[in-house]
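Read through the structure below, which is laid out as structure tokens, and then see the notes.
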Amino acid sequence: MSQKREKIEYLDALFSTRFKYTREQLDERFQLKFKQSLKRIFFNYIQILKEEGAPLKTEYDKTKFGKTLYFYDEVFSLTKNPLKSEHLQKVKTALTILKQVEGLPQTDELTALIAMVESQTNLKTVDNQPIVLLDHRPSSDGIRWISKLYKWIEEKTVLELVYRPYPQDALDYERIQGKKVYFHPYFLKESQRYWYLFGLNQVTQTIQNYELDRIVSVKAASGFVFCPARFPFKTYFDDVIGVTKFGNYELQLYRIRVSKAIAPYWKSRKLHASQTWGEEAENGVIFEFKLRWNYEWQNLILHYGKNVEVLEPIAFRMSIQQILKDTLALYEA
């Protein structure tokens, strides 16, 4: 520990007693401890204490001596509160942002932790206006499952899950009522304001995902040994856009001509890690992607309408062409 730090912590220890000190009293104790006067560096050290979250207050002594008194107005200690103020502020900011996502596990604990950070520092919020707003769906039915699923994933528990796929027609009774699966849950993922549960289907032995809004019921299953994941979660989505990953679609090179009107947007946003761009002409910029096909990728292309043209692969180009023809037919009828 540096000598300067030792001196600051000594002042903190004096103030932690909750006694009120004049500058002269503090200087006297300082000289006894360090054989050095505090007068020249007093206000510098006071400022450091405040920056590190110390609840340091001043009060005018109304006795005949008329001195300014320095003291802590609440229980505090730098050595028992090792995070500096700037770190505590970052912690509080992160927790406040996470608290917006309704249904996250330990929401009550997050609220309590924010209150504790505020009570132990001078970081109380002046008003309740949020600075960062997240685009989430607090009304989503699936939110209610998150805490339970989080616990079961932690505990590596096989689940008996009943989900309701989107029905193909009104007579699709099994789909309307729900379908039971035995499932080894691995992780939860949020995408485009929806939550998904990923894991291993016990029967098919394939990785599947279930939108939480489609889950009818879920409980711990008995008689199964949990099968751990054989792939890293963080890289699982590297070759797709969105959350759908079909095993029968290979990685392909996609070449997309993008109009000059939106090309700068694609460049700045970078729709996928594999995205590159090169050729520029009057009719647009050529972008390339290395991806596996899924509905999210297809819908993204359709979203941009006349501003994008699929050049390759030819099969994907023809598929988009047919979808657009079918759509146009609806308006020509």
Side-chain angles (χ1 to χ4, degrees), residues 1-136 138 147 150 154:
M1 183 190 299
S2 69
Q3 192 176 44
K4 178 180 178 180
R5 190 65 195 175
E6 184 181 0
K7 292 172 183 177
I8 291 170
E9 291 188 0
Y10 177 68
L11 279 178
D12 169 70
L14 291 176
F15 289 132
S16 295
T17 63
R18 306 290 296 279
F19 286 115
K20 299 177 180 180
Y21 299 94
T22 65
R23 284 182 60 185
E24 289 75 15
Q25 289 172 330
L26 290 169
D27 187 59
E28 180 182 345
R29 287 164 173 75
F30 203 80
Q31 290 195 54
L32 286 172
K33 174 73 173 176
F34 298 104
K35 306 295 190 277
Q36 179 185 357
S37 173
L38 180 62
K39 291 179 181 179
R40 277 195 315 106
I41 54 176
F42 178 75
F43 289 110
N44 182 32
Y45 283 10
I46 290 296
Q47 182 61 32
I48 292 173
L49 285 172
K50 289 181 177 180
E51 288 175 355
E52 297 196 15
L56 191 60
K57 303 295 181 183
T58 58
E59 176 183 291
Y60 186 71
D61 182 5
K62 296 180 180 178
T63 66
K64 64 179 181 179
F65 299 106
K67 302 287 186 179
T68 300
L69 301 173
Y70 296 82
F71 61 97
Y72 284 172
D73 69 341
E74 57 186 73
V75 176
F76 181 86
S77 170
L78 286 179
T79 56
K80 295 179 182 178
N81 203 19
L83 287 178
K84 294 184 178 181
S85 61
E86 61 267 27
H87 299 149
L88 288 167
Q89 185 63 66
K90 289 176 183 177
V91 170
K92 184 188 172 186
T93 299
L95 293 177
T96 303
I97 292 171
L98 284 173
K99 191 183 171 189
Q100 292 184 53
V101 185
E102 181 181 316
L104 278 180
Q106 293 95 30
T107 299
D108 292 338
E109 287 86 344
L110 289 176
T111 303
L113 186 53
I114 290 172
M116 182 180 71
V117 169
E118 289 185 333
S119 68
Q120 293 186 4
T121 70
N122 58 355
L123 299 178
K124 291 184 174 60
T125 306
V126 176
D127 56 49
N128 293 319
Q129 295 298 325
I131 295 173
V132 176
L133 293 176
L134 298 181
D135 187 18
H136 64 288
S147 290
Y150 184 95
E154 275 195 322

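Note: hydrogens, waters and symmetry copies are ignored here, and every other heavy atom, side chains too, is used.
- A distance of 10.0 Å separates CG of L56 from CD of Q47, quoted to the nearest 0.5 Å.
- Salt bridge E9/K33: absent, no basic N to carboxylate O contact under 4.0 Å.
- Considering CD1 of I8 and CD1 of I41, their distance stands at 8.5 Å, rounded to 0.5 Å.
- A heavy-atom distance below 4.5 Å is not found between the side chains of T68 and D61.
- To the nearest 0.5 Å, atom CG of residue L14 and atom OH of residue Y72 are 9.5 Å apart.
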Given side chain to side chain donor-acceptor pair (under 3.5 Å), test K7 with Q36 step by step and report yes or no. CA-CA 10 Å; K7 292 172 183 177; Q36 179 185 357; 2.5 Å; yes
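- Ring-plane geometry between F30 and F34 is classed as tilted, the angle between the planes lying from 30 to 60 degrees on a 0 to 90 degree scale.
- Rounding to the nearest 0.5 angstrom, the gap separating the CZ atom in F43 from the CG atom in L38 is 9.5 Å.
- Across all their heavy atoms, R18 and D73 have their closest contact at NH2-O, 3.4 Å.
- In this structure, CZ in F15 is found 11.0 Å from OH in Y10, a value given to the nearest 0.5 Å.
- Across all non-hydrogen atoms, the minimal contact from E24 to K67 is OE2-NZ, 3.8 Å.
- Taking the six-membered ring where the residue is Trp, Y70 and F42 present perpendicular rings, their angle passing 60° and hence far from 30°.
- Taking CD1 of I48 as the reference point, atom CG of L11 lies at 10.0 Å (rounded to 0.5 Å).
- Checked options R23, R29, Q31, Q25; the residue passing with D27 is Q31 (criterion: side chain to side chain contact (heavy atoms under 4.5 Å, CB included)).
- Annotation for S16 and F76: closest pair OG-O, 2.9 Å, computed over non-hydrogen atoms.
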